[in-house]
Protein chains: 2
Amino acid sequence: MTVASDPRVTDRVHQELRDRIFAGDLPAGARLSVPALAERLGVSRSPVREAIVRLVHERLAREEPRRGAVVADVSLKSLIAIYEVREVLEGLATRLAVENAGRRLLRTLEEVLGEHERAVSAVDLTAASEADMTFHRLIREAADNAEVVRMLDDVQTQVRLAMRTTQVTGGPKLAIADHRAIVRAMEAGDPAAAEGAARAHIARLRAVLAGQAGGPR
Amino acid sequence: MTVASDPRVTDRVHQELRDRIFAGDLPAGARLSVPALAERLGVSRSPVREAIVRLVHERLAREEPRRGAVVADVSLKSLIAIYEVREVLEGLATRLAVENAGRRLLRTLEEVLGEHERAVSAVDLTAASEADMTFHRLIREAADNAEVVRMLDDVQTQVRLAMRTTQVTGGPKLAIADHRAIVRAMEAGDPAAAEGAARAHIARLRAVLAGQAGGPR
DNA sequence: TCCGCTGAAGTTACATGTAGATAGGTATTG
DNA sequence: CAATACCTATCTACATGTAACTTCAGCGGA
């Protein structure tokens, strides 16, 4: 009998490369040489090749035929485009969450919001960012729509990649106010208002990014 | 010197398998055996394996570790979920198109709309469907947002896959009326109205699908 | 100094080898 | 006759072989 968790080498390599990219260990533009990585990781070239194909597909790497793959970067321009998409997807997720979810979710969201406030007051950047991500994750899971979850995961991957070079903080206090407005609309059981509040939240973050585009140089 | 078009075997195999899936030649649930396909296509196993990895990533196939891949299916439930996402993405694309595009696009859209009407009057299903797709493609290309284009392409892939088993026609005449309303809002230069009209169009199609869910059996 | 050539090193892309897992049919047992 | 054990064909996943291509450093000529 085989154990339930029988991770394939390919999966491990893929995860390892993802981690290294997000850690900044493999910076944007770094070449992903299959033989070199295979030796470094102590595996053969096949699983490395397959892992790279996956990275290319999730756009953590770019590939040119016969030239190999390099770690991708995210320009500020495309980050703004990503936030335009994120705006409508978070809006959708929030509307669906209102239509599907009950008391239980709202209570959990309030707890996370409390945790978020505490973290911001204590100037604990890590905890604040984590509470922020948890807030959004709870909502999109409550949407009960696998497509929107997948696409927002995709968006988040690109945002994480961009994070290494661009700052996306749009004022911690304002984020909490936005989140509070979202929860209020959800509690009122008003799907359209909830969608609007979620969209406004992301639109505001996008405006911050757009400000950076013309601003500092 | 090498020719500019030097398609890799992997690319050809990938395209070939995509075509066969959409043609219904490889029906949902069909096993994608790497050695069998390699022999059938007269290539080695490596490019076949890589093509299958790509199919899995674009969700034309599903894979279970150590069991291989099979051609994916799309349930009516997930097709509806896909249309929920499509609704907000087409809305976004249309709003952005209004903000970016000029006379030129509007003229082209009117032409396509005319072609669409002609095809519907002549009961030419193929031409009508093509005009329909062209209409939406023009708008999303005009949005000038690579992310929304990518995601709508993704949506369209799933819709095409679903087409083989589910009918998505929501009344050809109504489709034209919807498209006309979209163009009107675009001509008025009203981004919010254009977004609303596009969303209403897709929402109506989704309602048709939802009707099928409970209806015929 | 600048340009183009050349050859070596490294890499990609495809092909092939193979251990161990899986599925499905056949025999065997209660 | 049903359930179970076994057996074989096939496959997956990883490893490895190799021709052709890309890159780039170093050299020679304008």
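So that the names make sense, note that chain A is the first sequence line, chain B the second, and so on, each numbered from 1.
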Could you check B:Glu147 against A:Arg86 for salt bridge (Lys or Arg N to Asp or Glu O under 4.0 Å), going step by step and ending with a plain yes or no? CA-CA 10 Å; B:Glu147 292 302 314; A:Arg86 187 180 171 192; over 6 Å; no
I'd like to know whether B:Glu195 forms a salt bridge (Lys or Arg N to Asp or Glu O under 4.0 Å) with A:Arg199, so could you lay out the CA-CA distance, the side-chain angles of the two residues, the decisive distance to 0.1 Å, and finally the verdict. CA-CA 14 Å; B:Glu195 175 168 7; A:Arg199 286 183 61 153; 2.8 Å; yes
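For B:Ala143, the side chain to side chain contact (heavy atoms under 4.5 Å, CB included) partners at least two apart in sequence or on another chain are B:Ala93, B:Leu96, B:Val148. Legend: residues meeting ring pair (Phe, Tyr, Trp, His ring centres under 6.0 Å) with A:His116, ordered by chain and number and at least two apart, are A:His179.
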Show which side-chain atoms of residues 21-48 of chain A pair as donor or acceptor with protein atoms under 3.5 Å away, not counting sequence neighbours.
from: A:Arg31; atom 1: NH2; to: A:Arg67; atom 2: O; distance (Å): 3.1
from: A:Ser33; atom 1: OG; to: A:Ala36; atom 2: N; distance (Å): 3.2
from: A:Ser44; atom 1: OG; to: A:Ser46; atom 2: N; distance (Å): 3.4

Could you run through nucleotides 13-20 of chain C and give me one letter per nucleotide, 5' to 3': B if any protein heavy atom sits under 4.0 Å from the base, S if only the sugar-phosphate is that close, - if neither? BSBBBB--
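Comment: B:Glu16 does not engage B:Arg12 in a salt bridge, judged by the lack of any side-chain N to carboxylate O separation of less than 4.0 angstrom.
Within residues 29-39 of chain A, no residue is approached by DNA chain D to less than 4.0 Å at the level of any non-hydrogen atom.
Within the structure, every pair that satisfies the salt bridge (Lys or Arg N to Asp or Glu O under 4.0 Å) test and touches residues 151-172 of chain B, not counting sequence neighbours, is listed here: B:Arg59-B:Asp154, B:Arg140-B:Asp153.
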